[in-house]
Number of protein chains: 2
Amino acid sequence: MQISDAESIVMDALWGRSPLSAEEIVALTADAQGWQEATVKTLLNRLLTKKAIAAERDGRRYLYRPLVPRSDYVDAESTSLLDRLFGGRVAPLVAHFSEQRKLTKKDIAELKRLIAEIDDGE
Amino acid sequence: MQISDAESIVMDALWGRSPLSAEEIVALTADAQGWQEATVKTLLNRLLTKKAIAAERDGRRYLYRPLVPRSDYVDAESTSLLDRLFGGRVAPLVAHFSEQRKLTKKDIAELKRLIAEIDDGE
DNA sequence: GCATTTCGTTTACATCCGTAATCGATGATC
DNA sequence: GATCATCGATTACGGATGTAAACGAAATGC
């Protein structure tokens with residue numbers, strides 16, 4: 001099962017720190033998203049049934065923690081995008097951003113450093 | 001309005017060549033996707049109401065063409081992913097794939113060439 | 001001209017998703 | 001102990017999506 005966009009906001013909170021109570025998750029997300037508490041509760045429940053998070057009892061309430069690592073999620077999303085749009089490879093995506101003039105000098109510098117590093121390590 | 005995943009398959013056909021008749025689009029997509037003709041018809045209709053494509057009469061049938069350029073779609077999708085997962089920047093995505101050992105030597109070579117090229121042009 | 005095929009249009013329907021409100025149980029208060 | 005607050009679970013509901021069948025008009029074959 002798939003983590004939806006809204007659910008991923010909740011996951012973000014838990015990837016940032018865990019375990020968290022529902023209340024804490026609400027505090028971290030609701031305002032920024034314009035959500036009611038009830039919305040967060042729903043999302044927590046859906047994530048539970050999807051086995052994307054787990055809940056452990058802590059007295060009267062539950063504490064939630066991610067079961068899916070952020071890197072798995074990031075990887076699935078990124079790979080899916082690359083496969084759908086760029087033949088599964090990274091370079092064409094970089095090329096696209098370059099063509100769209102969406103690369104700042106900083107981006108380019110960072111990429112250069114990164115490539116050098118990778119190339120070095122390999 | 002948003003082009004959905006299934007709709008983007010139809011768009012792909014049209015981005016590849018256009019204008020195309022519904023029949024041609026069915027030929028290009030249905031088998032690969034395991035779709036019935038009816039499904040393609042529905043998707044064409046939804047794309048029409050979304051103004052993502054246009055239809056021009058050609059005798060008894062219509063010929064369809066994209067109104068949304070592929071680069072616009074690619075850009076929207078990519079930017080959304082980068083914003084959601086990588087702070088809106090390309091380098092962290094490349095870093096992620098590197099960490100996941102998902103970069104082949106060819107990818108790295110290609111990236112290096114690309115960066116050099118960009119760096120040169122700027 | 002009538003039956004048949006062919007298109008596009010309309011309708012269908014289950015699921016997912018975003019967004020919440022309500023309900024029921026459990027714990028806290030007076 | 002009765003009442004109030006809290007928390008998770010259940011129910012709600014409209015819109016988007018995937019997937020398609022049914023319908024109706026127009027063209028084609030005899």
Side-chain angles (χ1 to χ4, degrees), chain A residues 1-14 18-65 67-68 73 76-77 80-81 84, chain B residues 1-14 18-65 67-68 73 76-77 80-81 84:
Chain A
M1 213 145 314
Q2 192 47 26
I3 294 168
S4 78
D5 283 0
E7 286 159 8
S8 78
I9 303 289
V10 170
M11 292 302 289
D12 266 335
L14 291 169
S18 76
L20 293 177
S21 67
E23 196 189 2
E24 290 171 306
I25 296 170
V26 167
L28 287 170
T29 62
D31 266 25
Q33 299 296 319
W35 285 342
Q36 297 303 115
E37 285 180 50
T39 301
V40 177
K41 302 284 183 67
T42 299
L43 295 173
L44 283 171
N45 251 284
R46 289 186 182 164
L47 287 167
L48 279 170
T49 64
K50 289 181 182 184
K51 309 255 193 232
I53 64 177
E56 95 199 62
R57 249 240 145 67
D58 173 50
R60 154 171 193 50
R61 66 181 71 184
Y62 284 110
L63 295 182
Y64 302 90
R65 74 176 65 258
L67 289 181
V68 174
Y73 174 72
E77 293 286 303
S80 153
L81 183 94
R84 286 189 300 113
Chain B
M1 213 146 313
Q2 192 46 29
I3 292 169
S4 79
D5 283 0
E7 286 159 7
S8 77
I9 303 289
V10 170
M11 293 301 289
D12 265 335
L14 291 169
S18 74
L20 293 176
S21 66
E23 196 189 2
E24 291 171 306
I25 295 170
V26 167
L28 287 170
T29 61
D31 266 25
Q33 300 296 318
W35 284 341
Q36 298 303 116
E37 287 179 49
T39 302
V40 177
K41 303 283 185 68
T42 299
L43 295 173
L44 283 171
N45 251 285
R46 289 186 183 164
L47 287 167
L48 279 170
T49 64
K50 289 181 183 185
K51 310 253 191 231
I53 63 177
E56 97 200 60
R57 250 241 144 69
D58 173 50
R60 152 173 193 50
R61 67 182 67 184
Y62 284 110
L63 296 181
Y64 302 89
R65 74 176 65 256
L67 288 181
V68 174
Y73 174 73
E77 293 286 303
S80 153
L81 183 94
R84 286 189 299 114

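Sequence lines set the chain letters: A, B, ... in the order given, protein chains first and strands last, and positions in each chain run from 1.
With distances taken from any side-chain atom of B:Ala38 to the nucleotides C:dA20, D:dA20, D:dC7, the minimum falls on D:dA20. Distances from the side chain of A:Gln36 to the nucleotides C:dG8, C:dA20, C:dT19 place C:dA20 closest. Nearest nucleotide to the A:Arg46 side chain, out of C:dG8, D:dA9, C:dG18: C:dG18. Distance from the side chain of B:Ser4 is smallest to D:dG18 among C:dA20, D:dG18, D:dA20.
Counting heavy atoms of neighbouring residues, nucleotides and ligands inside a 6.0 Å radius, atom CD of B:Glu37 does not exceed 12 of them.
Following rounding to the nearest Å, B:Asn45 (CG) and C:dA12 (P) show an atom-to-atom distance of 16 Å. As rounded to whole Å, 11 Å separates atom P of C:dT10 from atom CG of B:Leu48. In this structure, A:Glu37 atom CD and C:dA21 atom P are separated by 11 Å, rounded to whole Å. Rounded to an integer number of Å, the gap from CZ of A:Arg61 to C1' of C:dA28 is 13 Å. Rounded to whole Å, the distance from CD on B:Glu7 to P on D:dA20 is 15 Å. The NZ-P distance, from A:Lys41 to D:dT6, rounds to 11 Å in whole Å. What separates CG of A:Leu44 from C1' of D:dT10 is a distance of 15 Å, to the nearest Å. The CG atom of A:Asp5 sits 14 Å away from the C1' atom of C:dT19 (whole-angstrom rounding).
Nucleic acid contact for A:Ala55: none, since no nucleic acid atom lies under 4.0 Å from a heavy atom of the residue.
Between B:Tyr64 and C:dG8 there is a side-chain polar atom (N or O) within less than 4.0 angstrom of OP1 or OP2.
We find that A:Glu7 and A:Arg46 are not joined by a salt bridge, their nearest charged nitrogen and carboxylate oxygen being 4.0 Å or further apart.
The residue among A:Arg60 and A:Leu43 whose nearest nucleotide of DNA chain C is located toward the 5' end is A:Leu43. Comparing B:Thr42 and B:Lys50 along DNA chain D, the residue whose closest nucleotide (by nearest heavy atom) sits nearer the 5' end is B:Lys50.
Between the side chains of A:Ser80 and A:Glu77, no donor-acceptor pair of N or O atoms lies under 3.5 Å.
A distance-only check finds no donor-acceptor pair linking the side chain of A:Thr39 to the backbone of A:Trp35 [under 3.5 Å].
Considering every non-hydrogen atom in both A:Ala22 and A:Tyr64, the closest pair reads N-CE1, 3.8 Å.
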